[in-house]
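Each remark here refers to the structure printed beneath this line.
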2 protein chains.
Amino acid sequence: MKELIVDLGERSYPIYIGEGMISGISGFFEKHGIRKASPLMIVTDEHVAARHLDSVANGLRAGGFDVVTKIVPSGETSKSLAILEDIVTDALQAGLDRSSCIVALGGGVVGDLAGFAAASYMRGIRFVQIPTTILAHDSSVGGKVAVNHKLAKNVIGAFHQPEFVLYDTSTLNTLPDREVRAGFSEVIKHGLIWDAAFVDWCRDHADRLLALEPEALATALYTGCKVKAAVVSQDEKENGLRAILNLGHTIGHALEAVAGYNELLHGEAISIGMVGAARLAMKLGHPESIYRETKEILSRFGLPVRLPEHMDTEQIMSAMMHDKKFKEGKMVFIIPTAIGKVEINHQISVEWVRETVEQLKREE
Amino acid sequence: MKELIVDLGERSYPIYIGEGMISGISGFFEKHGIRKASPLMIVTDEHVAARHLDSVANGLRAGGFDVVTKIVPSGETSKSLAILEDIVTDALQAGLDRSSCIVALGGGVVGDLAGFAAASYMRGIRFVQIPTTILAHDSSVGGKVAVNHKLAKNVIGAFHQPEFVLYDTSTLNTLPDREVRAGFSEVIKHGLIWDAAFVDWCRDHADRLLALEPEALATALYTGCKVKAAVVSQDEKENGLRAILNLGHTIGHALEAVAGYNELLHGEAISIGMVGAARLAMKLGHPESIYRETKEILSRFGLPVRLPEHMDTEQIMSAMMHDKKFKEGKMVFIIPTAIGKVEINHQISVEWVRETVEQLKREE
């Protein structure tokens with residue numbers, strides 16, 4: 001088992017990464033002083049519940065915890081105020097008090113939803129995350145929790161750090177192949193913004209990672225979390241540095257907004273976005289090798305690097321203009337200046353971005 | 001103008017108290033670095049809007065601020081997730097961004113609602129409070145913001161400190177007499193828990209205070225806020241000491257829950273509750289003078305000290321049992337041990353409380 005501390009002063013917390021930890025789950029809760037006298041609520045979705053809820057809930061009950069479960073529909077639509085209200089109804093009826101804890105068992109949607117429930121229930125109770133996707137390695141660090149509004153994603157939320165994160169890699173075995181690949185997109189991003197040696201390591205271990213070989217997987221998740229933790233420690237409330245985590249996200253979010261349902265997963269969209277950022281780097285005079293290596297590592301993991309041709313450039317541009325990273329007439333992009341290094345550039349011309357979107361449709 | 005700093009480390013903020021400050025409102029916003037480039041939203045209710053919205057909004061517009069206004073229905077029912085969602089809709093449509101500010105113009109309901117909107121919009125934006133009731137002197141210190149759930153009050157919320165509080169005593173002139181009296185209940189409470197000399201001062205200045213004489217009013221609000229600030233500074237997240245602010249609230253909340261609509265205002269309910277706490281103090285062996293003086297000062301302000309006889313004792317008891325201050329079989333009460341001094345007592349027997357409720361129906 002690997003242990004990583006996310007260093008946030010008095011809000012610091014550990015991430016435990018390893019195989020089969022759910023079998024000893026109540027030990028982790030005891031170690032962190034989660035109360036047995038107050039009910040604890042596990043929030044999960046229908047898909048994850050079918051696979052992992054029994055082992056988690058029964059493990060905690062066997063350890064003497066008073067467990068309540070709440071299953072929400074799978075998918076992004078559960079990140080709503082209506083579902084939040086529903087969770088609070090159940091929490092009140094089950095008698096959750098200020099000493100209670102909410103456990104998020106699932107991917108990013110469940111983490112965001114259950115995390116905001118924990119952040120706002122009685123003005124904040126304890127929160128534990130048990131991620132069950134590779135992508136969730138990203139959202140398990142940093143404490144950003146939120147629900148969506150019909151006009152914008154993640155617009156109602158909080159910063160609420162968990163007590164600890166329990167990352168049992170054996171829960172990842174049941175992930176569909178496409179989600180596995182898309183999950184590695186954020187892992188690779190963490191290398192591209194911060195750690196060139198990790199990018200090399202990912203390249204060398206691509207086959208083992210895609211086969212979900214436990215040891216390689218634990219190392220990749222550990223290093224990905226570590227990069228994010230380093231960034232978040234320096235900028236908990238997203239005032240500056242944290243923006244570098246958005247490499248590939250300006251174009252990526254626009255693609256997600258314009259694409260049809262399920263055409264592009266988040267990891268796929270930001271994969272294309274990262275190639276776009278590398279193209280912009282070239283226009284700024286940075287070496288062509290950044291672009292070549294970015295594309296190569298993403299392709300190695302079977303991630304898309306070409307923008308679907310049928311997607312309308314102007315629609316993509318317009319989606320980007322509404323993105324909060326577009327500020328006062330200038331476009332802000334995270335630009336790679338080397339593999340493992342990025343800068344926040346506030347001076348990217350709209351014309352270059354349009355050109356890049358066109359070029360992304362012709363990537364090979 | 002008086003200025004009081006609520007000392008919360010990097011979240012410290014000032015409360016400005018004085019007469020007629022709204023006429024120079026934009027100076028305060030400039031001083032605190034509120035951005036003119038990002039839209040600012042004033043949230044208020046129908047009653048307050050009719051009296052004060054124009055002067056506040058026009059004052060800010062004249063200073064070059066980009067002002068959006070949001071008027072919600074008056075009354076506790078506006079503290080809901082539905083109204084929160086509605087505020088977020090307006091905020092998004094008006095283009096509020098992470099540098100924007102939400103201004104609460106009104107009493108406790110508006111402060112709690114707008115404060116939670118500011119706490120959760122884009123995971124937290126800036127917040128300014130302009131209280132327009134005496135009671136709001138209490139909620140303007142401490143950063144507790146929340147909306148209600150159909151099963152419980154204030155159960156979805158956050159701790160979110162304002163940038164500053166602008167307390168213009170001239171807005172209080174339009175308050176109905178009953179609300180004025182009820183507002184002084186929390187002012188007196190702050191004396192009873194912390195500052196015996198302030199209780200004396202209130203007794204000596206009762207006539208001037210009830211006549212809303214500006215200088216006396218400013219002193220009373222300043223001292224009330226100062227007591228609360230002292231307590232909150234030592235316990236921002238309500239883990240211990242802050243409980244003493246609940247003097248009179250255990251019985252008071254139960255009375256509010258059992259009473260019919262508008263039968264008891266919050267300040268009236270806790271007035272009766274404070275007399276109850278003083279009765280419990282007597283049973284614990286504390287001097288009878290505490291009870292006598294508590295009753296005397298509350299009566300001096302025209303506040304009720306007797307529990308309406310038609311209210312059912314068992315219903316009141318049962319409402320108290322559901323109160324979060326009832327923990328693991330024991331009842332927790334804030335007990336006065338002298339005028340200006342209280343203790344948190346976890347060992348109050350249910351039988352004593354029942355007896356006290358009965359006695360409160362027979363107060364003279």
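Within residues 87-95 of chain B, the residues approaching chain A closer than 4.5 Å by heavy atoms are, in numerical order, B:V88, B:T89, B:L92, B:Q93. Listed by sequence position, B:K237 are the residues of residues 229-237 of chain B in contact with chain A, using a 4.5 angstrom heavy-atom cutoff.
Here the side chains of A:V155 and B:Y121 are in contact, with some heavy-atom distance below 4.5 Å. A:M122 is not listed as a side-chain neighbour of B:N154, based on a closest heavy-atom distance of 4.5 Å or more.
A salt bridge between B:E85 and A:K150 is absent, with no side-chain N of the basic residue lying under 4.0 Å from a carboxylate O of the acidic one.
The contact between A:V145 and chain B is made entirely by backbone atoms, counting heavy-atom distances below 4.5 Å.
Atom-to-atom distance recorded for B:L81:CG and A:S80:OG is 10.0 Å, nearest 0.5 angstrom.
In this structure, B:R98 and A:E238 approach most closely via the heavy-atom pair NH2-O, 2.6 Å. A:A158 and B:R123 get closest at one heavy-atom pair: O-CD, 3.3 Å.
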